[in-house]
Amino acid sequence: MYIFQILKQAGAVGEHRAMTSKELMHRTGLTRRGLVRRVNWERKKHFICSTTSGNGGYYRPASRADIQHFLAGQEQLIKRHAVSMRLARRLMRR
């Protein structure tokens, strides 16, 4: 069963109703790494938001505000990775 379908059936709509990673791992039998891979694969066809607040988890957006909040979090993550990559690139040029 797809993660998107599990979220739909569980009513995980909106960040406040996110299903924890732990719960999804229990339902699917996937490891944390396997769950992340599966979600990333499914994101090619379905919009699945994630949150890191609380226990973290996944949900279907309930509104445009949910999507905007998810995008803002993803952009912050990209910025943090960019900082790390700058240092690595500087070291590789030596």
Side-chain angles (χ1 to χ4, degrees):
M1 179 176 276
Y2 292 109
I3 303 299
F4 183 79
Q5 291 173 329
I6 293 170
L7 296 174
K8 188 175 183 177
Q9 288 176 351
V13 178
E15 185 174 356
H16 63 285
R17 299 206 41 178
M19 183 175 279
T20 65
S21 298
K22 191 177 274 189
E23 175 65 22
L24 281 168
M25 290 185 315
H26 176 74
R27 288 189 183 206
T28 62
L30 295 169
T31 63
R32 185 170 302 277
R33 182 173 283 178
L35 177 63
V36 170
R37 281 188 191 135
R38 182 60 183 240
V39 168
N40 287 333
W41 180 80
E42 285 190 36
R43 281 180 169 159
K44 294 174 186 175
K45 294 185 180 190
H46 303 286
F47 196 75
I48 300 172
C49 292
S50 55
T51 181
T52 56
S53 62
N55 292 326
Y58 297 93
Y59 62 97
R60 296 171 54 230
S63 66
R64 292 178 67 83
D66 280 344
I67 296 169
Q68 288 173 327
H69 188 257
F70 170 73
L71 286 173
Q74 293 298 302
E75 288 169 357
Q76 287 299 316
L77 183 64
I78 290 167
K79 287 176 185 176
R80 286 194 301 268
H81 284 291
V83 169
S84 300
M85 290 173 63
R86 257 184 253 133
L87 177 59
R89 284 188 180 122
R90 213 176 313 140
L91 291 171
M92 291 302 292
R93 282 189 224 131
R94 292 182 181 179

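Nothing here was measured: the structure is a model prediction, and the numbers come from that model. Values below: every heavy atom of this structure, side chains too, minus hydrogens, waters and symmetry copies.
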Between atom CG of L7 and atom CD of E42, what is the distance when rounded to the nearest 0.5 Å?
8.0 Å
With rounding to the nearest 0.5 Å, note down the distance linking CG in L24 to CZ in R38.
11.5 Å
Distance (rounded to the nearest 0.5 Å) between H46 NE2 and Q5 CD:
7.0 Å
Would you call L30 and V36 a side-chain contact if the rule is heavy atoms closer than 4.5 Å?
no
Connected to L87, directly or through other members, by ILVMFWY side-chain contacts below 4.5 Å are L91
Is F47 close to P61 at the side-chain level, that is, under 4.5 Å between some pair of heavy atoms?
yes
Residue pairs meeting side chain to side chain donor-acceptor pair (under 3.5 Å), one or both in residues 66-84, sequence neighbours left out, come to E15-H69
Taking only residues two or more places apart in sequence, or in another chain, which ones meet V39 in a side chain to side chain contact (heavy atoms under 4.5 Å, CB included)?
I3, L35, R43, I48, Y58
Quick one: ring pair (Phe, Tyr, Trp, His ring centres under 6.0 Å) partners of Y2, sequence neighbours excluded?
none
When you group the ILVMFWY residues by side-chain heavy-atom contacts below 4.5 Å and let the links chain together, are M25 and M19 in the same group?
yes
To the closest 0.5 Å, what do you measure between CZ (R90) and CZ (R86)?
8.0 Å
Under the ring pair (Phe, Tyr, Trp, His ring centres under 6.0 Å) test, which residues partner Y59, sequence neighbours left out?
none
Can you run down the side chain to side chain donor-acceptor pair (under 3.5 Å) pairs that involve residues 23-35, sequence neighbours left out, and say none if there aren't any?
E23-R27
